[in-house]
> 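Below is one structure. I have some questions about it.
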Amino acid sequence: MNYELITNLLSLLGSLGLFLFGMKTMSEGLEKFAGDRLRSILAAMTRNRFMGVLTGIIVTALIQSSSATTVMVVSFVNAGLMNLSQAIGVIMGANVGTTVTAWIISAIGFKVNIAALALPLLAFGIPLIFSKQNKRKSIGEFIFGFAFLFMGLSFLQQAATDLDIGSMVAAMLAKVADGGFFTIILFVFVGALVTMVVQASAATMAITLMLFDMHIPGFGLEQAAALAMGQNIGTTITALMASLTAGTQARRAAMAHMFFNVFGVVVVLLMFYPFCDAVSWLVEDVMAAGNNDLFKLSMFHTAFNIFNTLLLIGFVKQIENFVCRLLPLKEDVEEYGLKYISGGLFSTAELSMLQARKEIVHFAERCQKSFNYVLSMRSHDDNYDDDKFKKLFAKVERYEGITDNMEYEIAHYLQQVSEGRLSDDAKRQVQRMLREVDDLESIGDCCFSLARTLSRKQENCPEPFTPEQFEQILRMEHLVNEALILMTDTLQQPEGEGHDITRSYTLENEINALRTQVRNENLQNIATGQYDYKLGAFYIDYINGLEKLGDYILNVVQCKARQTRV
């Protein structure tokens, strides 16, 4: 057994692992450092497609990972923080921004022994890593990631030399070198396949640059460029995988990413050799960089993505329509699962809480729908239809189970968020959100209790409510329904102080006053024989249920407006 070969092979894999870990750590450190600004940046800079492209370039250049940017965009679309048209623009920019990695490696990666500076860098990063301040800790993670990235790159180059990968690649190329354009197509597929496996186009690009720097016979600019184009296809698999558990809009964003990259590869392949000649001319004559192979490959990578972006930026709406037709919404099928947080946690706690906030609003909307079913049940009191009544009752019962599950899932999600590094204000915000989901679940219970009251009345007292009772019920239902709508609107407002909930307090007082009035009138009417006790009992049970529902609604509003202790 050739132990040296096994050792060298494991060293190669370990070097690649260190490179990937460094990139991941560096990316996450920057994401955490800028996480609280990301949403405002995205909201401000994606108002049109050109600003969206610029945003994608900047964010990806900072976090050094187009995959991280596209996964983030898919999550934002899934959470309703960004529409599909905005997402397509950011994805276009992310493809351009990811080329910065290739330029950094081309400029210093193989010419300067940056790995020699890694240990001193780690010395600077250690006190930051152990800092109690989240910002300093995130900067420390970035420094560690940067050091590990170039240590991995240096070790990768050494392991490749020890394995004599240049000769192995040359031998393989000798078998396909006569294939002409077929060889280019083959390298595109190889680049896509390797990137799918590695799940990092930057790592595949680093390997391509390393091989290109070895001056392997038969592995010229055309072959390296074909690998680079394949990487643009392979990197789309990351976003596709992230969208599998998300909603239709998120899957559309991931599909748009794949369409954009595949279309660009097909177009450039149609003029591949002239495109490569143009890149060589740019580097040799315009940049005056001479016959710098690494610069040529980096320029090809950049030129390809810029060309593709310029080609398609005017067709964002058409791309959006195409993926919408490809993945249509099933409007006739109602989804009962979570809508926004099924895709998992964001890389930063603040963005995760934004995602949870969207789910809480969705929770409130489902409570509103459950209450609407109760109103429909009560409207059948005069013109009773047994089948419709039972179907409506079954829907309310189903929604009661849904609200129970949503409370657990959102609370569990918030518990995961709270396990991360949170500021004191963020901790209090999580506590308020937990209180909100608890009260929203109680609203679901109240709706089911109202439905059961109506069901028992229909079984034991089929007599319809009197006109006077019906009038008071309508007044109470109208007040509660308005309170529910105001609650949902309040939940959609930004976090912070200053929410005006005066109208919610007014509605609560009116609900309480009407309940008291109805209770007194009901006793008098029963005593004077206007209707029997059984009908009066169901009548007051329904009114009391509505008043209790109003209490939970106000609890949610107070909690969101920070006018209650948590």
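Along the sequence shown, residues are numbered consecutively beginning with 1. Atom set for the values below is all heavy atoms of this structure, side chains included, hydrogens, waters and symmetry mates excluded. Worth saying up front: this structure is predicted, and the values here are computed from it rather than measured.
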> For Asn95 and Asn232, which I'm curious about, is there any donor-acceptor pair between the side chains at under 3.5 Å?
no
> Under 3.5 Å, side chain of Ser449 to main-chain N/O of Asp445, donor-acceptor pair present?
no
> Mind running salt bridge (charged side-chain N to carboxylate O under 4.0 Å, His left out) on Arg435 and Asp439 for me, showing each step along the way?
CA-CA 6 Å; Arg435 173 74 178 273; Asp439 286 324; 3.3 Å; yes
> For residues Glu441 and Tyr408, is any side-chain donor paired with an opposing acceptor at under 3.5 Å?
no
> If you count the non-hydrogen atoms of other residues, nucleotides and ligands that lie under 6.0 Å from OH in Tyr531, is the total more than 12?
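Count over threshold, so yes.
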> Closer than 3.5 angstrom, by distance alone: can the side chain of Thr403 be matched with the main-chain N or O of Tyr399 as a donor-acceptor pair?
yes
> Spell out, as yes or no, whether a donor-acceptor pair under 3.5 Å connects the side chain of Asn522 to the backbone of Val518.
no
> Using a distance-only test with no angle check, is there a side-chain donor-acceptor pair under 3.5 angstrom linking Gln472 and Arg475?
yes
> Just checking, is any N or O donor in the side chain of Glu359 or His362 under 3.5 Å from an acceptor N or O on the other one?
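Yes, side-chain donor-acceptor contact under 3.5 Å.
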> Would you find a donor on one side and an acceptor on the other, under 3.5 Å apart, between the side chain of Ser370 and the backbone of Arg366?
no
> Lys457 side chain to Glu463 main-chain N or O, any donor-acceptor pair under 3.5 Å?
yes
> Within the side chain of Asn308, is there an N or O that forms a donor-acceptor pair under 3.5 Å with the backbone of Phe260?
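At least one qualifying donor-acceptor pair exists.
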> Please check this pair: side chain of Asp438 against backbone of Leu434, looking for a donor-acceptor N/O pair closer than 3.5 Å.
no
> So does Glu482 pair up with Arg503, basic N to acidic O under 4.0 Å?
yes
> Does Gln415 offer a backbone N or O that forms a donor-acceptor pair with the side chain of Ser418 under 3.5 Å?
yes
> What is the distance from atom CG of Leu414 to atom CD1 of Ile410, rounded to the nearest 0.5 Å?
7.5 Å
> Ion pair present between Glu459 and Arg456, side-chain N to carboxylate O less than 4.0 angstrom?
no
> Once you round to the nearest 0.5 Å, how far does CE of Met92 lie from CG of Asn261?
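One gets 10.0 Å once the value is rounded to the nearest 0.5 Å.
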> Is there a donor-acceptor pair under 3.5 Å between the side chain of Asn525 and the backbone N or O of Glu521?
yes
> For Glu468 and Tyr539, test the side chains for any donor-to-acceptor distance below 3.5 angstrom and give the result as yes or no.
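Per modelled atom types, Glu468 and Tyr539 side chains form no pair under 3.5 Å.
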> Do Gln493 and Asp489 have side-chain N/O donor and acceptor atoms under 3.5 Å apart?
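The criterion, which ignores hydrogens and geometry beyond distance, is not satisfied for Asp489 and Gln493.
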